[in-house]
J.: 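Handing you a structure now.
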Amino acid sequence: QVQLVESGGGLVQAGGSLSLSCAASGLAFGSIAMGWFRQASGKEREFVAAIRWSGDSARYANSVRGRFTISRDNAKNTAYLQMGSLKPEDTAVYYCAADLSYRSYSIKTGPDEYDYWGQGTQVTVSS
């Protein structure tokens with residue numbers, strides 16, 4: 001049974017930092033890409049960042065590039081999203097997702113391209 005469990009969300013002031021984790025089980029974590037998406041109230045789910053299975057390449061949304069960093073620890077089956085210089089517009093439910101394409105060099109950005117999702121964790125940035 002595949003499980004993705006996010007943690008680390010919370011309330012932070014603008015300009016602050018927050019780190020999210022996504023613990024995965026039931027899948028070949030070390031051989032698949034992982035992504036982070038977010039969904040603000042009343043808006044569609046949007047791409048934030050994704051990282052190749054090998055950890056040596058990543059993609060970012062323009063809105064977070066330079067402020068957020070995605071990483072992974074394949075030995076711990078965990079993906080991370082380090083968020084800095086947070087803005088009120090970063091407020092959303094953040095989801096991690098798994099792309100089951102085996103050892104693909106493609107880093108996907110569309111929600112429909114991911115196979116499994118976590119339950120989400122709320123991030124609220126106050127002004």
Side-chain angles (χ1 to χ4, degrees):
Q1 180 182 0
V2 175
Q3 278 194 314
L4 301 176
V5 180
E6 301 98 335
S7 61
L11 174 65
V12 64
Q13 288 189 333
S17 299
L18 209 56
S19 182
L20 305 182
S21 298
C22 173
S25 60
L27 41 69
F29 183 84
S31 297
I32 63 172
M34 295 295 297
W36 287 95
F37 292 78
R38 66 187 181 187
Q39 187 166 18
S41 180
K43 296 187 177 181
E44 292 188 353
R45 192 168 299 191
E46 65 173 4
F47 171 75
V48 175
I51 187 167
R52 186 179 289 163
W53 62 272
S54 52
D56 60 355
S57 186
R59 294 181 69 177
Y60 295 91
N62 289 337
S63 58
V64 306
R65 187 175 292 111
R67 299 189 298 121
F68 290 12
T69 301
I70 188 172
S71 62
R72 64 190 298 157
D73 185 336
N74 287 347
K76 296 182 178 180
N77 284 5
T78 302
Y80 305 96
L81 185 68
Q82 179 65 41
M83 305 183 292
S85 301
L86 283 161
K87 305 174 183 180
E89 50 263 44
D90 294 317
T91 294
V93 177
Y94 283 71
Y95 299 89
C96 69
D99 167 18
L100 294 188
S101 303
Y102 185 78
R103 296 197 173 184
S104 171
Y105 280 84
S106 171
I107 303 175
K108 299 168 183 174
T109 63
D112 293 344
E113 299 178 290
Y114 285 77
D115 302 287
Y116 286 99
W117 294 82
Q119 82 289 347
T121 186
Q122 177 71 45
V123 171
T124 302
V125 183
S126 63
S127 58

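Side chains included, hydrogens not; waters and symmetry mates left out as well; all remaining heavy atoms used.
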J.: Under a 3.5 Å threshold, yes or no: a donor from one side chain and an acceptor from the other, between S19 and Q82?
T.: yes
J.: Within the 4.5 Å heavy-atom criterion, are R38 and L81 side-chain neighbours or not?
T.: no
J.: Count I, L, V, M, F, W, Y as connected when their side-chain heavy atoms are under 4.5 Å apart, and connections chain through other members. Are Y116 and V48 then in the same cluster?
T.: yes
J.: Mark yes or no for whether R65, through its side chain, and Y60, through its backbone, hold a donor-acceptor pair below 3.5 Å.
T.: yes
J.: Just by distance, do the side chain of R45 and the backbone of Q39 share a donor-acceptor pair under 3.5 Å?
T.: no
J.: Can W53 be reached from M34 by stepping across I, L, V, M, F, W or Y side chains whose heavy atoms are under 4.5 Å apart?
T.: no
J.: State yes or no: do I70 and L18 share one hydrophobic cluster built from I, L, V, M, F, W and Y residues joined by side-chain heavy-atom distances below 4.5 Å, directly or via other members?
T.: yes
J.: When you look at T91 and V125, which way does the side-chain contact (heavy atoms from CB on, under 4.5 Å) test go after all the steps?
T.: CA-CA 5 Å; T91 294; V125 183; 3.8 Å; yes
J.: Between E6 and G120, what is the shortest heavy-atom contact and its length?
T.: OE1-N, 2.9 Å
J.: Verify side-chain contact (heavy atoms from CB on, under 4.5 Å) between D115 and D99, making sure each step is shown before the conclusion.
T.: CA-CA 5 Å; D115 302 287; D99 167 18; 3.8 Å; yes
J.: If every non-hydrogen atom of D73 is compared with every non-hydrogen atom of F29, which pair is closest and at what distance?
T.: O-CE2, 3.9 Å
J.: Under the ring pair (Phe, Tyr, Trp, His ring centres under 6.0 Å) test against F47, which residue among F37, W36, F68, Y114 passes?
T.: F37
J.: If you compare all heavy atoms of K108 against all heavy atoms of S101, which two are closest, and at what distance to 0.1 Å?
T.: NZ-OG, 2.9 Å
J.: Can you classify the ring geometry of Y95 versus W117 as parallel (below 30°), tilted (30 to 60°) or perpendicular (above 60°)?
T.: perpendicular
J.: Within the distance-only criterion (no hydrogens, no angle test), does the side chain of R52 pair as donor or acceptor with the backbone N or O of S57 below 3.5 angstrom?
T.: no
J.: So, for T124 and Q122, which heavy atoms are closest and what is the spacing to 0.1 Å?
T.: OG1-NE2, 3.3 Å
J.: Evaluate L100 against L27 for side-chain contact (heavy atoms from CB on, under 4.5 Å), listing each step before the verdict.
T.: CA-CA 8 Å; L100 294 188; L27 41 69; 4.3 Å; yes
J.: Which heavy-atom pair separates Q119 from V5 by the least distance, and what is that distance?
T.: OE1-CA, 3.8 Å
J.: Please tell me if the side chains of L20 and V123 come closer than 4.5 Å, counting only heavy atoms from C-beta onward.
T.: yes
J.: Might you point out which heavy atoms bring S126 and L11 nearest each other, and give the distance in Å?
T.: CB-CD1, 4.3 Å
J.: Would a 4.5 Å heavy-atom cut-off, applied to side chains only, mark V12 and M83 as touching?
T.: no
